[in-house]
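Proteins get letters first, then strands, A, B, ... in listed order; numbering begins at 1 in each.
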Number of protein chains: 2
Amino acid sequence: MAKRSARTPVGTVSFRLGVLGAGQEARYAERLADLELKPKHVALLSALRIKGAESQLEVAAVMRVAPSLVVLLADQLEARGAIERVRDPSDRRRQRLHLTEEGVRLLDAATAAAAALDEELTAPLDAADRAALARILERLAIANDLLAEDI
Amino acid sequence: MAKRSARTPVGTVSFRLGVLGAGQEARYAERLADLELKPKHVALLSALRIKGAESQLEVAAVMRVAPSLVVLLADQLEARGAIERVRDPSDRRRQRLHLTEEGVRLLDAATAAAAALDEELTAPLDAADRAALARILERLAIANDLLAEDI
DNA sequence: CAGAACGATTCACATATTGAATGGTTCACG
DNA sequence: CGTGAACCATTCAATATGTGAATCGTTCTG
């Protein structure tokens with residue numbers, strides 16, 4: 001019953017999350033290549049759908065990246081017509097971002113790609129474990145205050 | 001019962017693995033700073049303990065990184081006295097890597113740090129979920145042919 | 001109204017990693 | 001056996017990703 005402790009970090013949950021996560025991200029990046037998007041672009045689009053954006057700074061906080069990176073990602077998404085920047089009239093310092101039709105289309109395609117990836121990843125698991133994994137990861141995402149949908 | 005499908009990739013297992021994994025890796029990197037190690041160094045040391053090393057090329061394959069990166073990591077670990085390079089006498093092209101006393105010490109410290117991180121990460125989970133998570137991730141690691149201990 | 005605080009942007013820089021070129025070593029086979 | 005193909009390690013230049021500091025316009029506070 002008592003779990004023997006790991007002899008190397010490889011046996012820990014944290015390390016496995018890191019390795020598996022990096023693997024999935026790499027695969028996801030491949031699938032997104034068709035759409036000419038990177039995972040961070042998708043994260044930004046997702047943030048807009050889930051939370052809306054009071055400002056780019058807020059988006060940066062949600063995504064846990066530097067504000068200067070949001071500028072870059074937003075530049076690229078704007079150039080592709082996926083988002084629009086609108087100066088907040090009540091505070092002209094703020095740039096409000098919002099999804100265009102095209103952005104919605106891209107985000108839906110990216111969502112489908114991620115769902116397909118999930119299928120493949122969890123293929124070796126039985127239904128109960130698949131459900132458990134989804135539930136537990138959501139729990140951890142919320143506990144870590146990460147961007148989470150409230151489905 | 002039927003799970004509503006996610007509206008954004010953020011709700012998928014793959015995406016959550018990516019984000020949580022990146023977060024844990026970043027935290028782990030912080031903890032390792034004391035030991036003057038990076039997660040990749042630890043991955044290399046772990047590979048040596050778990051599988052031994054026929055050659056650096058083999059280590060690169062296990063770690064899923066370019067051989068040239070193994071050279072660099074091994075240089076740094078060797079300079080710190082954590083590993084030794086030994087030319088395989090039966091095939092003098094191969095560099096065999098092995099842990100020194102110091103390497104073992106570092107690896108043990110790194111393992112303890114990772115275990116501590118696990119504690120914190122899984123604090124919000126009950127015992128059953130903690131066990132389930134560990135079990136499922138191990139399953140996935142094996143299915144994905146990632147470096148795994150056989151505890 | 002002056003200056004502190006704030007948001008977006010730009011830019012130089014650090015870091016991590018890869019792929020191609022190089023050199024020494026071994027292997028297969030004519 | 002000798003020679004070219006294959007192989008491992010290494011070096012090096014190039015690329016990707018991201019950050020922090022400096023700058024500029026805007027807003028807030030006293």
Quiz item: Can you check the M63(A) CE to dT19(D) C1' distance for me, whole Å?
Solution: 14 Å
Quiz item: E84(B) pairs by side chain to side chain contact (heavy atoms under 4.5 Å, CB included) with which of L77(B), L97(B), T100(B)?
Solution: T100(B)
Self-check item: Side-chain heavy atoms of V19(A) within contact of E25(B), under 4.5 Å
Solution: no
Quiz item: How would nucleotides 4-15 of chain D be written as a contact map, 5' to 3', with B for base contact, S for sugar-phosphate-only contact and - for no contact, using protein heavy atoms under 4.0 Å?
Solution: ---BSSBB----
Cut-off 3.5 Å, no hydrogens considered: what does the side-chain donor-acceptor table look like for residues 38-46 of chain B, sequence neighbours left out?
residue, atom, partner, partner atom, Å
H41(B), ND1, K38(B), N, 3.0
H41(B), NE2, Q76(B), OE1, 2.6
S46(B), OG, V42(B), O, 2.8

Quiz item: Can you pull the contact range of chain B along DNA chain C, 5' to 3', using atoms under 4.0 angstrom from its heavy atoms?
Solution: dA16(C) to dT26(C)
Self-check item: Nearest non-hydrogen partners of V104(B) and R49(B), listed with the distance
Solution: CG1-NH2, 3.4 Å
Quiz item: Where the side chain of T12(A) meets the backbone of A114(B), is there a donor-acceptor pair that is under 3.5 Å apart?
Solution: no
Practice problem: Could you pull out all residues at least two apart from E102(A) that satisfy salt bridge (Lys or Arg N to Asp or Glu O under 4.0 Å)? | Solution: R105(A)
Quiz item: Can you name the salt bridge (Lys or Arg N to Asp or Glu O under 4.0 Å) partners of E78(A), sequence neighbours left out?
Solution: R85(A)
Quiz item: Would a hydrophobic clustering, with Ile, Leu, Val, Met, Phe, Trp and Tyr connected at side-chain separations under 4.5 Å, put V62(A) with L69(A)?
Solution: yes
Quiz item: What closest approach, in Å, do A148(B) and R16(A) show between heavy atoms, and which atom pair accounts for it?
Solution: CB-NH2, 4.1 Å
Self-check item: Gap separating the CD atom of E58(B) from the CD atom of Q56(B), nearest 0.5 angstrom
Solution: 11.5 Å
Self-check item: Length of the line joining R92(A):CZ and dT27(D):P, which is rounded to integer Å
Solution: 6 Å
Quiz item: So what does V65(B) hit on the nucleic acid, given a heavy-atom distance under 4.0 Å: a base, only sugar-phosphate, or nothing?
Solution: sugar-phosphate
Exercise. Name every residue in residues 12-43 of chain A that has at least one heavy atom under 4.0 Å from any atom of DNA chain D, in order of residue number, or write none if there are no such residues.
Key: K38(A), K40(A)
